[in-house]
Number of protein chains: 2
Amino acid sequence: MAAVRLIVARCEVRYTGRLAALLPEALRLLMIKSDGSVLVHADTGSYKPQNWMTPPTVIEEEPGRMVVRRRAGASEDRLDIRIVEVLSDVEHDMGEAAALEKEGAEAELQELLAETPERCGEGLRLVKREFPTDIGPVDLMCLDGEEAYVAVEIKRVATLEAVEQLCRYLERIRETPGFGGCRGILAAQVIKPQARRLAESRHIHCAEVDLAVLHGEREPDLTLFAA
Amino acid sequence: MAAVRLIVARCEVRYTGRLAALLPEALRLLMIKSDGSVLVHADTGSYKPQNWMTPPTVIEEEPGRMVVRRRAGASEDRLDIRIVEVLSDVEHDMGEAAALEKEGAEAELQELLAETPERCGEGLRLVKREFPTDIGPVDLMCLDGEEAYVAVEIKRVATLEAVEQLCRYLERIRETPGFGGCRGILAAQVIKPQARRLAESRHIHCAEVDLAVLHGEREPDLTLFAA
DNA sequence: CGGTAGATTTCGTGA
DNA sequence: TCACGAAGTCTACCG
């Protein structure tokens, strides 16, 4: 049954599991979803609940008290809600909800750069997307004008981590016969200054790419949502 | 005014900003908090809203439509909500909500290990917490029984990243006069197998620490929540 | 089920 | 304000 239950109550919420957390007594909003999720929201603190339990859960309810348990191996996670006063308690049937359609995440950036790899570096042409190594796939494997391999790591925002990730891959790739001279390129919409410095000190080229420009170069009717 | 407005409505939600996302028409729960946050929840998909806008926001409302805007430099983020049918629209005053008190996060682990550094390695004694390097502070700097420096990186869960973070620090520390022989130790409640392998291949010692044991060794009345 | 990487990450802290 | 690192991260994907 696809429904959401909303309770506005004065309550105290205690979480024990990976850590211990106490939410002192106050008016709060409890949201209980049909998949067993329990969210405790306040009137501020957007997006993230103050306290919560992700499914699968077992919910025990008695007057003045609600206990939400989650079984995941040895460590028992639980949410103890001590309810002092209930101001509202309603349930809404929600029916089916279609999935979210997204456009513009890293996956799309990779798609666009696979179409025009020269945006990452002059003369580049694509060899393979998701080029496999034994520790995971590199986003793009290309060849440059001098027939040398170039591994491209793509990020929406490139941080130090991205540089490290690319270096891990390069380490492995260069051990592969024929790939000894493989270069690395970090391509991202935004490259953080520290990431750029580390990349340059490791002889990794940085390419900041503009999504709008990339979009302008492809067929307009390929975009998900027309204007 | 500390209040939360809850709307159950059949609606379509479109986000444009860092990416474009479309949520097709369906029954959804809209939560509007007093700080301007707008959350769109479905009956499943716990914790995370399907669509949202973080404060500060400007909300325009007219029959059948709600537009939430956020100004942050050049890129205009906006949430367009086309409302077909409103099933419920209520507002709840929430009063003040005290902050969450936490215990058991990485900060506490660092505190406990600073008190008993020998838990990370035999004969260790603390020199300094948050020992500075030019790329950021190392969690603990210690001396071992042979008067050699040891840098300790503390994590709740240690992944590959943690190893690389520690390696970055060690690189810098060892360039400092007097610290040329500085060793590294990775201390965590949980060390992922791959992280352990990488650490060992880089001659970094791994120490899995038990929070309960550490707790048992300190003054009982220092704990946040008594039993 | 465990591990890795992405996220409109969000959130806090320190410079 | 900006940048970095933690998070009960959560979530999707791949083995």
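Just so we're on the same page: letters track the sequence lines, and every chain starts at 1.
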- Query: Is the gap between the ring centers of A:Phe131 and A:Tyr149 under 6.0 Å?
  - Reply: no

- Query: Salt-bridged, B:Glu208 to B:Arg196, with N to O below 4.0 Å?
  - Reply: yes

- Message: Using whole Å, what does the distance between atom P of nucleotide D:dG8 and atom CG of A:Asp80 come to?
- Response: 18 Å

- Are any of the side-chain nitrogens in B:Glu164 or A:Arg168 under 4.0 Å away from the carboxylate oxygens of its partner? yes

- Could you work out which one of D:dG8, D:dC4, C:dA5 sits closest to the side chain of A:Gln194? D:dC4

- Message: Check this for me, if you would: do B:Arg70 and B:Glu76 make a salt bridge, where the nitrogen-to-carboxylate-oxygen distance has to be below 4.0 angstrom?
- Response: no

- Task: Check every strand shown and say whether A:Glu161 touches a base, only sugar-phosphate, or nothing at a heavy-atom separation below 4.0 Å.
- Result: nothing

- Item | Phosphate-side-chain proximity, B:Arg18 and C:dT9, N/O vs OP1/OP2 below 4.0 Å | yes

- Can you tell me how far P of D:dG5 sits from CD1 of B:Ile154, to the nearest Å? 16 Å

- Considering only heavy side-chain atoms of B:Trp52, the closest of C:dA5, D:dG8, C:dT8 is C:dT8

- Name the nucleic acid region contacted by A:Tyr15, choosing base, sugar-phosphate or nothing; use a 4.0 angstrom heavy-atom cut-off, strictly under. base

- State plainly whether the residues B:Asp80 and B:Arg82 are in salt-bridge range, i.e. N to O under 4.0 Å. no

- Task: Specify the separation, in whole Å, of atom CZ of A:Arg156 and atom P of C:dT8.
- Result: 8 Å

- Note on the structure: Side-chain atoms of A:Leu79 come closest, of D:dG8, C:dT8, C:dA5, to D:dG8

- Task: Figure out the CG/P separation between A:Leu109 and C:dA5, and round it to whole Å.
- Result: 18 Å

- Item | Minimum-distance nucleotide to A:Glu153 side chain [options: C:dG6, D:dG8, C:dT8] | C:dG6

- Item | A:Glu12/A:Arg28 salt bridge by N-O under 4.0 Å criterion | no

- SB check A:Lys128 A:Glu130 (cutoff 4.0 Å): no

- Note on the structure: Note: for B:Lys155 and A:Pro193 on DNA chain D, the residue whose nearest nucleotide lies more 5' is A:Pro193

- Of A:Val157 and A:Asp139, whose nearest nucleotide on DNA chain C comes first from the 5' end? A:Asp139

- Item | Toward the 5' end of DNA chain C, by each residue's nearest nucleotide, A:Tyr169 or A:Tyr47 | A:Tyr169

- Item | Pairwise C1' distance, D:dC14 and C:dT8 [rounded to whole Å] | 24 Å

- Query: So what does B:Ser46 hit on the nucleic acid, given a heavy-atom distance under 4.0 Å: a base, only sugar-phosphate, or nothing?
  - Reply: sugar-phosphate

- Could you tell me whether the phosphate oxygens of C:dG6, OP1 or OP2, come under 4.0 Å of any side-chain nitrogen or oxygen in A:Gln165? yes

- Task: Have a look at A:Ala105 and say if it touches a base, only the backbone sugar-phosphate, or nothing, with a 4.0 Å heavy-atom cut-off.
- Result: sugar-phosphate

- Query: Which nucleotide sits closest to the side chain of B:Lys192: C:dG6, C:dG3, D:dG8?
  - Reply: C:dG3

- Task: Choose from C:dT10, C:dG6, C:dA5 the nucleotide whose nearest atom is closest to any side-chain atom of A:Glu106.
- Result: C:dG6

- Message: Rounding to an integer number of Å, can you tell me how far A:Gln50 CD sits from D:dT9 P?
- Response: 18 Å

- Going by an N to O cut-off under 4.0 Å, is there a salt bridge joining B:Arg156 and B:Glu108? no

- Message: What's the gap between D:dG8 and C:dG14 when it is taken at their C1' atoms, as a whole Å value?
- Response: 24 Å

- Task: Would you indicate which nucleotide in C:dG3, D:dA3, C:dT8 comes nearest to any side-chain atom of B:Asn51?
- Result: C:dT8

- Task: Report the nucleotide, chosen from C:dT10, C:dG6, C:dT4, that has the shortest atom-to-atom distance to any side-chain atom of B:Leu160.
- Result: C:dT4

- Query: Within the side chain of B:Asp139, is there an N or O that forms a donor-acceptor pair under 3.5 Å with the backbone of B:Ile154?
  - Reply: yes

- Item | Sugar-phosphate, base or nothing in reach of A:Met53, heavy atoms under 4.0 Å | base

Polar atom pairs between nucleotides 13-15 of chain D and protein, under 3.5 Å, N or O only, would you list them?
none

- Task: Look at all strands and tell whether A:Arg78 reaches a base, only sugar-phosphate, or nothing, counting heavy atoms closer than 4.0 Å.
- Result: nothing

- Message: Could you tell me how far apart A:Glu164 (CD) and C:dT4 (C1') are, to the nearest whole angstrom?
- Response: 16 Å

- Message: Looking only at the side chain of A:Thr54 (C-beta and beyond, no hydrogens), which of the listed nucleotides D:dC10, D:dG5, C:dG3 gets closest?
- Response: D:dC10

- Using whole Å, report how far CZ of A:Arg168 lies from C1' of C:dT4. 9 Å

- Task: Could you tell me which residues satisfy side chain to side chain contact (heavy atoms under 4.5 Å, CB included) with A:Cys120, sequence neighbours excluded, listed by chain and number?
- Result: A:Leu113, A:Leu124, A:Val152, A:Ile185, A:Ala187

- Message: So, OP1 or OP2 of C:dT8: does either fall under 4.0 Å of a side-chain N or O from A:Lys102?
- Response: yes

- Message: Measure CD1/B:Ile191 against P/C:dG2 and give the value in whole Å, please.
- Response: 18 Å

